[in-house]
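To start, the structure under review is shown below, and the notes come after it.
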Number of protein chains: 4
Amino acid sequence: MSTKTSGKSFIEKARRAQIMQTTIEAICDLGYAQASIGQIAKRAGVSKGVITYHFPSKDELMQKIVEELYLKGASFMSEIATESTAANMLRRYIETNLEFILAHKNHVAAVAEIVMNFRDEEGRLIYHKPADNSIYVPIIEILHWGQEDGSFRPILPSSAQVLAMTIRSAIDLASQQLVANPDFNIQEYAKELIQLFEAATGKPPI
Amino acid sequence: MSTKTSGKSFIEKARRAQIMQTTIEAICDLGYAQASIGQIAKRAGVSKGVITYHFPSKDELMQKIVEELYLKGASFMSEIATESTAANMLRRYIETNLEFILAHKNHVAAVAEIVMNFRDEEGRLIYHKPADNSIYVPIIEILHWGQEDGSFRPILPSSAQVLAMTIRSAIDLASQQLVANPDFNIQEYAKELIQLFEAATGKPPI
Amino acid sequence: MSTKTSGKSFIEKARRAQIMQTTIEAICDLGYAQASIGQIAKRAGVSKGVITYHFPSKDELMQKIVEELYLKGASFMSEIATESTAANMLRRYIETNLEFILAHKNHVAAVAEIVMNFRDEEGRLIYHKPADNSIYVPIIEILHWGQEDGSFRPILPSSAQVLAMTIRSAIDLASQQLVANPDFNIQEYAKELIQLFEAATGKPPI
Amino acid sequence: MSTKTSGKSFIEKARRAQIMQTTIEAICDLGYAQASIGQIAKRAGVSKGVITYHFPSKDELMQKIVEELYLKGASFMSEIATESTAANMLRRYIETNLEFILAHKNHVAAVAEIVMNFRDEEGRLIYHKPADNSIYVPIIEILHWGQEDGSFRPILPSSAQVLAMTIRSAIDLASQQLVANPDFNIQEYAKELIQLFEAATGKPPI
DNA sequence: GATGAATGAGATTTCATTCAT
DNA sequence: TATGAATGAAATCTCATTCAT
């Protein structure tokens, strides 16, 4: 019994993982709209029914892909909270984020596609909460800390918000470049980005 | 004669403009995928045939929307080339771009949707040229000029590339914010962005 | 008044003739199904409305094309009834028919297309009367006459019917060959056909 | 296992066969143009999707119908090559062809419709190779053989070509008659045709 | 667990036809 | 007379989903 159950469970998990991986690749290659169940099934070498069997609906498949990246991201990001100064912390934040993007480049790109295209019946974006500032909060906290520990030049709260947005969009750009341009050197990009935002936040030398 | 011609031309142009405008709004509201000919026709209060009559195919309709924004953009941007220093030039570049985004916020947002989703039969993005650096060239030129006129701190070519990418992505972010968040204050955003990149490019005072 | 009327009449006739001619060419090039009003209008360099104006419906346009060929055919064929013997008559019949096909090759081919494809709402062929033997009657009469004047070998009525069908289908084949194959030599074909059916009908020499 | 496989295969094959048969009948009743997927589905008592499921495109469905008739024809025709003289051979050729037409009368008629109407986007007939003489080759060979074995009167090569065309078009006519006219007696027609072409090819008795 | 088969909604597109000008 | 504009029906095709086996 238990063997059977865990056997099923294993197969189940393996199949789900395989389907999700294939879906991610299909989205990267074809975009969200053309990554149909049929395409995914063909690429996975299984019948369409398998997809529906493991994921009651296409929406749920997409949601799981987003969810899984968030889980990966959460554990990856938990490493960051260990630097001694805000300046080091910002550098670490940029580095870690770009490492994560590199480590999961297709998954990240696929989730970006999903987030930008997944809508409900009335056309509203499911994953887009315009008032949601939570993505920027960690950066803003670093910038705030830098005011206290003297790492950074004076930065007003309104400036901190825009700076956070700029940092985040520069990081997200790396994902797009990575999938679109095989020559893109993300390590170099990371180094330059760190320098750039050190210059942007740094105290002018006296 | 000329009245007839211009009259015909006028109706034709007016309808095309109306359809394009409705399409732009439909894309903003519903996203690229759900902005179907049927939806557009319903919103425009006409039959589906009208759309096909004025735009032989959906692809052509989309292309015209992209094209028109480029034309608008070209004339808008031609104003920029008049500043005395690279530092002023960069400020002007950011300001003008954000003004343009504000002035054509739906059009800009719709084109972003199209560019990210318009693919050929094999799934390749039509408007996405990964090796295309042309969008960054104007900024890189400003940064280069700033080396010559002494406006900016020393910036290596590799750094200039990344800086240009960062500036551009920060500008493009404004468009997303604008459509998603009615409270977004783009003037404030512009001011902050200018300050930020002045700090990032500025010579440290001695 | 009368000038005006005859002027209109003339223009009217000219336009109708032009439209019919263009339609005939469109059918030859594209086939019946793809010879749409739009295609015809484009080829004629006029608007679709012109077609509908002169021909209330597409069906009527097609009917007129068929009708006109019948009129042409009737006058062309009236020449035949002048030979002295049935054997000469048969030769004349074949010659004249093939001359007619050559003289109006596109029109004949277009009408063949129409006749084979023009159907009513229930799908019944309009121009196809299965029990209609009238196309074979003239040939049968020649064969019958040949019995009387001793031109031909003895041919039973049932044989005459099949012989007539064979002659007619060989003649009609020429039209298909003519439009499909630019190298087809219809004069040569006529000569051979005449020889062939002389052999088929001829009295064996004693 | 094997049951499962052959079972699946069987359903698939049965459905495809059913759809092809229904399509053949629809084409005979309604003609090529009006034999739409919708009509076929309605006649088969299934949804339109079923057709597309088993035949990815309408073109492919049509091609399969043509192909299948060629396969049937190839095996049917292989029987012919067994007569002792060219004269007997010609008789056999006519008989066998007309038997085949009778045995597959709707299929033959449908393929004739398809061949005459199936065009690519530019309007060119797909199945029409004007220079293709291969349909006439078997007959020409028989006629040539008849020169050697003395079965036939002297027939020049150019005459043989036209004779072959005439024989073939007389045979093909039977198919049209058969579907259009329920009273058409093809056995009688065969007998007459054989007599006719014996007269046309026969050596005059001395 | 897995598959093939089927469905029905919806998308794009073509087209004959109508109508105001 | 002629035209452009508009309509609505129908055609092909795609696709997520359901279901029996």
Side-chain angles (χ1 to χ4, degrees), chain A residues 4 7-9 11-12 14-15 33-41 46-61, chain B residues 3-5 7-12 14-16 33-41 44-59 61, chain C residues 4 7-8 11-12 15 33-41 46-61, chain D residues 3-5 7-12 14-16 33-41 44 46-61:
Chain A
K4 224 178 189 177
K8 272 201 287 183
S9 210
I11 290 178
E12 166 85 19
R15 261 279 190 259
Q34 274 164 289
S36 67
I37 300 274
Q39 268 297 324
I40 295 162
V46 298
S47 75
K48 270 198 301 180
V50 178
I51 315 287
T52 322
Y53 180 77
H54 290 283
F55 297 91
S57 77
K58 193 190 180 185
D59 288 4
E60 204 167 307
L61 169 56
Chain B
T3 5
K4 221 177 188 177
T5 309
K8 279 192 288 180
S9 234
F10 175 73
I11 290 180
E12 166 84 17
R15 257 284 188 259
R16 282 175 70 100
Q34 276 162 287
S36 67
I37 301 271
Q39 269 297 324
I40 295 163
V46 298
S47 75
K48 274 189 293 183
V50 176
I51 314 290
T52 327
Y53 177 74
H54 291 282
F55 295 91
S57 76
K58 194 191 180 188
D59 287 5
L61 170 55
Chain C
K4 223 179 190 176
K8 270 202 288 183
I11 290 178
E12 166 86 19
R15 261 281 192 256
Q34 276 163 288
S36 66
I37 300 274
Q39 268 297 323
I40 295 162
V46 298
S47 75
K48 272 198 297 181
V50 178
I51 315 287
T52 322
Y53 180 77
H54 290 283
F55 297 92
S57 76
K58 193 190 181 187
D59 287 4
E60 204 166 308
L61 169 56
Chain D
T3 6
K4 222 178 190 176
T5 310
K8 278 192 290 181
S9 233
F10 175 72
I11 289 179
E12 166 83 18
R15 257 285 188 257
R16 282 174 69 99
Q34 276 162 288
S36 67
I37 302 270
Q39 269 298 323
I40 295 163
V46 298
S47 75
K48 275 189 291 184
V50 176
I51 314 290
T52 328
Y53 177 74
H54 291 282
F55 295 92
S57 75
K58 193 191 179 186
D59 286 4
E60 204 168 306
L61 170 55

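Because only heavy atoms are used, hydrogens play no part in the values below, and waters and symmetry mates are left out as well, while side chains stay in. Proteins come first, then strands; the chains are lettered A, B, ... in the order of their sequence lines, and each starts at number 1.
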Looking at [N], I'd like to know if its phosphate oxygens (OP1 or OP2) sit under 4.0 Å from a side-chain N or O belonging to [X].
X: Arg15(C); N: dA2(F); answer: yes
X: Ser47(D); N: dG8(E); answer: no
X: Tyr53(D); N: dA5(E); answer: yes
X: His54(A); N: dA2(E); answer: yes

Rounded distance [0.5 Å steps], OH in Tyr53(A) versus CD in Glu12(A): 6.5 Å
Pairwise distance OG(Ser47(C)) to CD1(Ile37(C)) - rounded to 0.5 angstrom: 11.0 Å
Closest nucleotide among dT3(F), dT12(F), dA5(E) to the Ser36(D) side chain: dT12(F)
Toward the 5' end of DNA chain E, by each residue's nearest nucleotide, Ala35(B) or Val46(A): Val46(A)
Most 5' of Ile51(B) and Gly38(A) on DNA chain F, judged by nearest nucleotide: Ile51(B)
Shortest non-hydrogen contact between [X] and [Y], atoms and distance:
X: Ile40(B); Y: Ala35(B); value: CD1-O, 3.7 Å
X: Ser36(A); Y: Lys58(A); value: CA-NZ, 4.3 Å
X: Pro56(C); Y: His54(C); value: CD-O, 3.8 Å
X: Gln34(B); Y: Gln39(B); value: O-CG, 3.6 Å

Euclidean distance, atom [atom1] of residue [X] to atom [atom2] of [N] [Å, nearest integer]:
X: Gln34(A); N: dA16(F); atom1: CD; atom2: P; answer: 12 Å
X: Glu12(A); N: dA2(E); atom1: CD; atom2: C1'; answer: 12 Å
X: Ile40(D); N: dA10(F); atom1: CD1; atom2: C1'; answer: 14 Å
X: Leu61(C); N: dC15(E); atom1: CG; atom2: C1'; answer: 15 Å

Can you pull every protein N or O that's under 3.5 Å from an N or O on nucleotides 17-21 of chain E?
from    : atom 1 : to       : atom 2 : distance (Å)
dT17(E) : OP2    : Lys58(C) : N      : 2.8
dT17(E) : O4     : Lys48(C) : NZ     : 3.3

Nucleotide-level pairing of DNA chain F, given in dot-bracket where Watson-Crick and G-U pairs need both distances under 3.5 Å and | marks other strands: .||||||||||||||||||||
